[in-house]
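All remarks here apply to the structure that follows.
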2 protein chains.
Amino acid sequence: MARLATVALEARKQPRQRRAQATVDAIMEATIQVLLEGGLQRLTTTRVAERAGVSVGTMYQYFPQKQALLFALLRRYMEKTAAAIAASCERSRGATIAVIAETLVGDFLDAKTTDMNVAQALHAVGMELATGNLLDEFGRANQAAIRGLLESAEDAVFDDPGAVAFALRATLSGTARAATRPDAKRYDTRALRHELQIMAAAYLKARARPRDAEAARR
Amino acid sequence: MARLATVALEARKQPRQRRAQATVDAIMEATIQVLLEGGLQRLTTTRVAERAGVSVGTMYQYFPQKQALLFALLRRYMEKTAAAIAASCERSRGATIAVIAETLVGDFLDAKTTDMNVAQALHAVGMELATGNLLDEFGRANQAAIRGLLESAEDAVFDDPGAVAFALRATLSGTARAATRPDAKRYDTRALRHELQIMAAAYLKARARPRDAEAARR
DNA sequence: ACCTGAACACCGTTCAAGT
DNA sequence: ACCTGAACACCGTTCAAGT
């Protein structure tokens, strides 16, 4: 099992004076700039401090390690999207499930897509683009397999099997990632599996025409 | 935009003799061991080479940078899961969509869950667990918001709103991650949004009882 | 063809000294 | 209370020399 040293990622010290707050702001802004400019590989403590116009020592007073910089950025991004999603839920409260489904999906994707530059840079943390290319490569392979499967269905025919396979694959692999998170509880994983099966079945049914109808038309 | 230096991640040199192949195998095995033992933070080229019983120079002959080690591991993992998924699709070929949905979801999750130790370690690349904790924290908040929304639906009542909210949230956030990948094409994103809305609507309908029936029973 | 390991440039982190 | 920057330990990567 991957054991990890327990590390403090939160700020070591809260800024108490105005100039200290300005320092923290400058560091965070510098982190974004350096990240967007050169990716994670070029994000060094020296570079961020230099861009922020402070010494490394000062930076370490507020961000006890390099990771804390990224952590703070991620926290800010997630606070923002969570607020947007909560607001969306508030808006469609009491609507029909059809409206709820449409609004929720739309607003959720919108929220996560805003500030996409930063989000992408954060997601890319670690293996950078290379990992993504690999994921895409196999994503396409899996999608092709699923598409072939859909086209073979005994009792249904799909008008756009490519789109359905695409959505199904994205949902599954995205969810699988969540399910394999280290702290995903066994219960959650099993429940999720059951719910996903219901979801996939309902989706396919909604997207398919019965094969009989097709045969009858010819 | 995050610009990245183009780097060769594939092996620099193919092993031609038997002892060279043994060297490559030893390095890959050592990488897994070091990764599972101490996480990404302790995965240094020196440590892997030492564990593999070769010099760093030898390692750099086959893996031109540190990332290439992880890349090779990830590739092996994905080849394995892709093969499992293809086999699953082959098995349920020609079945009904109900069977297809159930089999596909089940086998997909199984494939991605096998070798979970390595998968987790690979997923953890970069921000390690801290990121995950943050994701979970806001995941729970979003889930609670969605659950409240579902319970407020005008035309439906859910027997297990928590489970439905959990599945919906996992699907959405997992998919959003895929949609915000740098190379996700605009077309794909828009199509995915539409498909997800159909999926969510179909799922909610499958999971809900009409409110009238509930009112009538009382 | 394959391997070695000292050497180099650079990075994360600390801490005594300053205002 | 806040900031500085030289100093330290260590890491990724290279390359001349070996078998």
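Being a predicted model, the structure only gives us computed values, none of them experimental. Every chain is numbered from 1, with letters handed out A, B, ... down the list of sequences.
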Rounded to the nearest 0.5 Å, what separates atom [atom1] in [X] from atom [atom2] in [Y]?
X	Y	atom1	atom2	value
A/Glu195	B/Arg207	CD	CZ	4.0 Å
A/Leu168	A/Arg147	CG	CZ	13.5 Å
B/Leu43	B/Thr31	CG	OG1	6.5 Å

Within this structure, what is the [atom1]-to-[atom2] distance between [X] and [N], rounded to whole angstrom?
X	N	atom1	atom2	value
B/Arg42	D/dC10	CZ	P	13 Å
B/Gln41	C/dT13	CD	C1'	13 Å
B/Gln61	C/dA1	CD	P	11 Å
B/Lys66	D/dC10	NZ	C1'	12 Å
A/Leu40	C/dG12	CG	C1'	14 Å
B/Glu50	D/dG12	CD	P	13 Å

Between [options], which nucleotide has the shortest distance from any of its atoms to the side chain of [X]?
X	options	value
A/Ser55	D/dT4, C/dC3, D/dC2	D/dT4
A/Tyr62	D/dT4, C/dT4, D/dC2	D/dC2
A/Gln65	D/dT13, C/dT13, D/dC2	C/dT13
A/Val56	D/dC2, D/dT14, C/dT13	C/dT13

Give a yes/no answer on whether the side chain of [X] brings an N or O atom under 4.0 Å of OP1 or OP2 in [N].
X	N	value
B/Thr23	C/dC3	yes
B/Tyr60	D/dT13	yes
B/Thr45	D/dC11	no
B/Arg47	D/dC11	yes

Thinking salt bridges, do A/Glu90 and A/Arg93 make one under a 4.0 Å N-O criterion?
yes
Check your understanding: Contact class for B/Thr44 (heavy atom, under 4.0 Å): base, sugar-phosphate, or nothing?
Key -> sugar-phosphate
Those stems involving DNA chain D that have three or more consecutive Watson-Crick or G-U pairs, both distances under 3.5 Å, are C:4-8 with D:12-16, C:12-16 with D:4-8
